[in-house]
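Data block below; observations after.
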Amino acid sequence: MKGIISGIKRMEIHDGDGLRTTVFFKGCPLKCIWCHNPESISFEPQAAYFKEKCIGCGLCRNEHTPQKAVNCPTEALISYGTEYESQQLVAELEKDVLFFKNSGGGVTLSGGECLAQPDFAAEVAKGLKEKAISVYVDTCGFVKREAFKIIIPYTDRFLYDIKAIDSDTHKKCTGKDNALILDNLKYLSEKGCSIEIRYPLVKDYNDGECHKIGAFLKGVKGIVKVKVLKYHHFAASRYEALGMINTLPDTQTTDDDLKKTVEILTEYGLKCSEE
Amino acid sequence: MSLTRGEMLGYVLENIENEPKDILTKDCDTLEYLFDNCTIKIPKENRFFVSVNTADITWDIIREVRAKKFSSVIKDNNLEDGFEALAYTGAYDYSHTTTEWDNLLALGLPRMRDRIAEYGKKNPSKQAFYSNIIRVYNAVLRFVKRAANEALLAGKKEMSTGLENLSEKAPETLFEAMQLTIVYYVIQHLFDGTLVRTLGRLDSLFYPFYLKEDKENADKLLIDYLKEIDRLKAPANIPFALGGTDISGKSLVNELSYKMIEAYEKAGTNNVKFHLLCSENMPTDIMEKALDSVRSGDNSILFLSDEKVIESLLKQGAEKQDAVDYHVVGCYECGARGELTCSCNARVNIPKALEYTLNGGKDLITGKTVGLENSGAFNSFEELYAEFKRQLDYLCSCAMKATDLWEAHYNEIHSAPILSGTYVSALEKGGDLYCDYAAKYNNSSVNAIGLATATDSLAAIEKAVFKDKLLSLEEFCKILRSNWEGAEPLRRLIKNKFPKFGQGDTATDKIAADIVKNLAGKVSGKPNVKGGVYRLGLFSIDWRWEFGEKTAASADGRLSGETLSQNTSASFGADKNGATTHLTSVAAIDASDTPNATIVDIDLHSSAVSGENGLNAMLASLKTYFELGGFAVHYNVLNTEVLKNAKLNPEKYPNLQVRLCGWNVLFSSLSEEEKDEFIARSVK
């Protein structure tokens with residue numbers, strides 16, 4: 001089965017335990033205004049043009065399309081979106097297997113939203129498990145229940161984003177209601193899955209959700225840790241290169257904000273830390 | 001009367017150097033004179049030893065007087081053009097040595113002298129050697145006594161008492177053991193002129209003394225010791241080693257190993273570095289401790305695989321115990337116990353072999369024919385590659401020939417009475433380590449430079465000419481001769497998009513491994529003029545700059561004059577698939593062929609190795625690399641300066657990654673404002 005990804009990063013330490021290879025699936029059902037991976041929002045291949053790298057060779061004929069990116073000698077024109085057969089992707093991901101073994105690491109399926117390509121994601125996860133490689137699934141949760149059902153058997157942990165509990169806040173920040181997300185989290189909990197919650201803290205947008213998130217998560221079984229992620233605006237140049245409207249909020253999350261949030265969530269009995 | 005350095009040098013040149021005596025006798029005359037007449041000063045901040053004004057006197061005599069007599073040997077043997085082109089070099093090497101520190105600490109200076117005399121009694125035919133060395137050691141003891149007196153006059157009672165004791169017996173306390181290593185360093189390095197390039201395995205050496213010492217005192221002593229070593233300001237740093245194994249394979253890590261790392265962190269030195277000799281059964285926490293120290297950035301720590309080093313030395317012909325007790329002299333190179341590790345004799349410029357392959361043996365920078373002539377026509381990549389190997393073999397031959405020419409004349413260039421007095425093999429044979437080749441292992445070395453540059457260039461030719469048929473070989477050569485003029489898109493295409501060594505591309509990595517295998521076949525185990533063999537190394541250090549300046553444009557997209565690749569690492573910017581891939585590629589090389597080191601430099605941004613998991617990742621990467629057969633790793637955790645430079649010169653850091661929320665991005669892809677913010681965040 002084929003799927004589309006926007007990139008693979010090796011020796012990752014922030015996407016779960018140990019040393020991991022993270023694969024970024026292309027396409028996401030949410031439109032988070034603070035999205036740091038704008039190249040992973042669309043399900044289609046996209047071209048990004050970094051004009052400062054261009055030497056004007058003319059090989060692309062000034063057509064900034066994914067097809068023309070192949071010819072670009074300077075990588076001023078990049079194509080995001082590569083099709084892979086699941087087994088081909090597994091072969092690529094298993095290259096660091098010894099490093100995984102020595103660090104307690106593995107592969108993290110991320111995105112975009114990896115479960116927005118549910119069958120492909122499950123096949124990749126299955127292929128990795130057959131090779132005894134740890135699989136973490138990094139998800140926004142806004143996917144059909146079936147997507148979870150088919151990947152649970154091959155998943156060691158879910159890295160589960162909770163951005164807001166309040167529905168209106170969630171809609172404002174991501175464009176979608178969060179009922180499905182919260183429901184899916186409960187489902188994973190009921191199924192006995194290991195879950196790491198990830199809460200991207202964006203000042204003035206969802207920082208007011210802290211207590212509500214703590215109260216909601218308090219009763220959810222299976223949560224092994226909660227990580228509060230710091231917001232940055234470093235994706236601006238990629239929005240421009242992709243020809244997308246930059247929606248990044250002009251706000252700062254400070255180390256102090258992170259610390260306070262961690263303290264609050266800890267008070268709810270959650271094992272919480274900053275990322 | 002205090003004599004200046006110039007006065008002493010003048011005296012030696014006028015009154016000793018011109019005497020019709022052998023080099024060893026002249027050097028012993030010089031040493032006696034210097035020990036008795038040098039000016040001793042007591043730096044206020046010194047706790048252990050004095051300072052002297054003898055630095056480089058012996059070197060000046062060697063370089064300015066003795067070696068000049070033989071400067072025509074290279075020209076006379078038609079090697080001059082190769083030297084000029086930096087296709088190869090070859091020379092004598094009286095740096096990169098170590099004494100047998102354990103014997104020195106166990107015996108002390110007076111007993112070392114007595115031991116020389118005892119060996120002399122058994123070997124009457126070599127009396128001249130023994131009596132020369134004994135009189136030098138007597139001069140050393142007079143010098144140490146004089147230093148003790150001066151220290152007392154300066155109010156340094158602890159220093160003075162220690163030196164008095166050392167002039168009479170072996171060290172008994174941790175302070176005296178430390179003091180003796182500094183005294184020895186000074187008498188060999190600054191008088192004998194044979195450079196000491198490691199203090200040895202300090203955790204094992206000092207451990208018996210450490211056990212007897214009050215722990216608080218010991219902590220302070222360790223820091224003061226490292227700071228005083230730092231003030232010696234030796235060229236290219238002074239290393240020490242920690243860890244290693246014994247003959248049964250048991251790890252030698254002890255409590256002091258940890259204390260040494262802590263002291264190293266606290267001392268804040270910039271002229272001291274250490275080698276961690278990593279074994280499979282070494283406690284993991286000591287590796288973590290050292291890696292954690294690396295993350296702080298302000299230090300230099302090299303991680304070596306004990307298993308691979310020993311394997312390489314056994315392959316070179318060392319006995320098992322000697323291989324196990326190896327030393328690391330200088331930056332990376334390893335020698336067996338009893339080996340006089342001439343680790344920097346010859347250098348070979350690997351990309352030059354390709355330059356000559358493509359140009360009929362002609363050097364494009366000097367215009368002279370340096371390589372072997374050929375037709376320049378190749379019907380397949382295999383034919384071209386075979387010719388490349390022929391050229392590389394030839395350059396190695398020239399480099400070894402040049403080295404032989406120099407090393408045949410040690411008995412007219414340099415002797416090492418102080419160092420020789422500590423080598424059991426020299427005492428048994430009754431000969432000097434250099435003049436008489438009296439070490440147990442008298443080996444020489446060839447370091448091959450620019451492996452990744454050459455590999456990437458060969459891979460580029462194979463793909464562009466023979467596989468993709470983008471252009472003919474003739475057209476490609478024409479472009480290279482013009483330094484890529486009018487071919488910038490092709491240059492960028494090759495530089496940015498063609499497979500490179502270090503990216504996990506099996507075919508490309510195989511080329512690198514094959515080049516090394518061929519180099520080893522040509523170099524390793526080949527006899528030198530000293531009764532020893534040649535050993536191969538793959539480190540370039542800063543030579544890659546001068547060699548790069550003399551190397552024409554290469555097919556990997558490198559412009560004429562640009563630096564060659566560093567050590568055994570991927571070319572700059574080619575490590576785009578991350579550190580794990582980079583390490584896996586380098587591990588494709590059979591490092592057991594390179595006792596003179598295979599070394600990979602891994603650049604990591606501090607944010608990519610932060611936190612507990614960051615340390616775990618570094619440890620796993622290191623252990624895995626060694627499991628895969630790696631030899632040595634040097635981690636660079638990038639700092640603010642690097643980021644600032646990357647902002648000013650983005651072309652030099654095309655793959656510098658910084659950690660954002662979610663994943664890493666290329667630093668070069670950030671806007672100017674984003675870069676500024678990241679730089680601000682990286683300030684400690």
Side-chain angles (χ1 to χ4, degrees), chain A residues 7-22 24 34-37 40 48 50 52-53 55 57-59 70-76 78 92 95-105 110 138 198 200 229-238 240-241 253 273-275, chain B residues 488-497 504 557 576-584 587 602 604 607-628 650-651 654 657-666 668-675 677-678 681:
Chain A
I8 294 171
K9 302 298 283 182
R10 301 181 193 280
M11 201 168 167
E12 290 292 339
I13 62 162
H14 299 278
D15 294 332
D17 297 324
L19 200 156
R20 308 192 76 83
T21 294
T22 302
F24 296 89
W34 55 69
C35 181
H36 290 89
N37 303 336
S40 294
F50 296 89
E52 65 280 3
K53 287 187 180 177
I55 57 169
C57 69
L59 286 171
V70 180
N71 302 325
C72 179
T74 65
E75 296 185 324
I78 290 175
E92 191 60 37
K95 284 181 177 170
D96 279 355
V97 66
L98 262 181
F99 293 92
F100 301 155
K101 192 187 104 200
N102 280 329
S103 66
S110 183
D138 185 2
R198 295 162 85 85
L229 314 180
K230 189 173 181 178
Y231 166 69
H232 305 287
H233 342 90
F234 290 121
S237 54
R238 267 178 293 142
E240 190 187 339
T253 304
S273 61
E274 302 166 18
E275 179 64 67
Chain B
E488 188 61 9
L490 177 67
R491 187 178 85 82
R492 299 284 190 118
L493 180 76
I494 290 174
K495 206 169 173 58
N496 292 317
K497 293 195 163 175
K576 55 171 67 172
N577 292 339
T580 53
T581 309
H582 192 180
L583 290 167
T584 306
I602 295 293
L604 297 163
S607 59
V609 290
S610 62
E612 201 182 319
N613 203 26
L615 190 59
N616 178 29
M618 285 179 90
L619 178 68
S621 71
L622 182 63
K623 282 185 157 184
T624 308
Y625 178 59
F626 288 159
E627 265 182 53
L628 291 169
E651 74 285 356
Q657 292 181 44
V658 285
R659 182 75 200 179
L660 301 180
C661 180
W663 67 339
N664 290 359
V665 295
L666 293 177
S668 60
S669 73
L670 301 175
S671 68
E672 294 307 291
E673 291 77 12
E674 289 164 346
K675 286 174 185 166
E677 188 174 330
F678 223 96
R681 282 177 53 206

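What you see is a predicted model, and the numbers here were worked out from it, not measured in a lab. The chains referred to below are lettered A, B, ... by the order of the sequence lines, with proteins before strands, and numbering in each begins at 1.
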Practice task
For side-chain contact (heavy atoms from CB on, under 4.5 Å), just list the numbers for B:Leu583 and B:Leu628, CA-CA rounded to whole Å, side-chain angles, deciding distance to a tenth of an Å, and then say yes or no.
Solution key: CA-CA 9 Å; B:Leu583 290 167; B:Leu628 291 169; 5.9 Å; no
Problem - Contacting moiety of B:Leu490, where chain A heavy atoms sit under 4.5 Å - result: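 Contact with chain A: none, neither part.
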Handout entry: Contacting moiety of B:Ile494, where chain A heavy atoms sit under 4.5 Å
Key =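 Neither part; nothing is under 4.5 Å.
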Problem - Residue, of B:Thr581, B:Asn496, B:Thr580, that accumulates the most heavy atom pairs under 4.5 Å with chain A - result: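 Greatest number of close heavy-atom pairs with chain A: B:Thr580.
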Problem - chain A interface, residue from B:Ser621, B:Ser610, B:Ala579, B:Gly614 that has the most non-hydrogen pairs under 4.5 Å - result: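 Maximum pair count with chain A is reached by B:Ser621.
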Under 4.5 Å from any heavy atom of chain B, what part of [X] do you find: side chain, backbone, both or neither?
{"X": "A:Val97", "answer": "neither"}
{"X": "A:Ile55", "answer": "side chain"}
{"X": "A:Asp138", "answer": "neither"}
{"X": "A:Phe99", "answer": "both"}

Quick check: does any side chain N or O of [X] sit under 3.5 Å from a backbone N or O of [Y], one acting as donor and the other as acceptor?
{"X": "B:Lys497", "Y": "A:Glu75", "answer": "no"}
{"X": "A:Arg10", "Y": "B:Gly578", "answer": "no"}
{"X": "B:His582", "Y": "B:Asn577", "answer": "no"}

Handout entry: Lys/Arg-Asp/Glu bridge criterion (N-O < 4.0 Å) met for A:Glu12, A:Lys9
Key =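 Result for this pair is no, no salt bridge flagged.
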Handout entry: Cationic N near anionic O, under 4.0 Å, B:Arg492 to B:Glu488
Key =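 Judged by the 4.0 Å cut-off on N to carboxylate O distance, B:Arg492 and B:Glu488 do form a salt bridge.
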Practice task
Nearest 0.5 Å please: distance from the OG1 atom of A:Thr22 over to the CG atom of A:Asp15.
Solution key: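 CG of A:Asp15 is found 3.5 Å from OG1 of A:Thr22.
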Practice task
Tell me, out of A:Ala241, A:Cys72, A:Cys57, A:Ser273, who's got the most heavy-atom pairs with chain B below 4.5 Å.
Solution key: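 If we count pairs closer than 4.5 Å to chain B, A:Cys72 comes out on top.
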Handout entry: Contact winner vs chain B - A:Ser237, A:Ala236, A:Ser110, heavy-atom pairs under 4.5 Å
Key =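 Going by pairs under 4.5 Å, I would pick A:Ser237.
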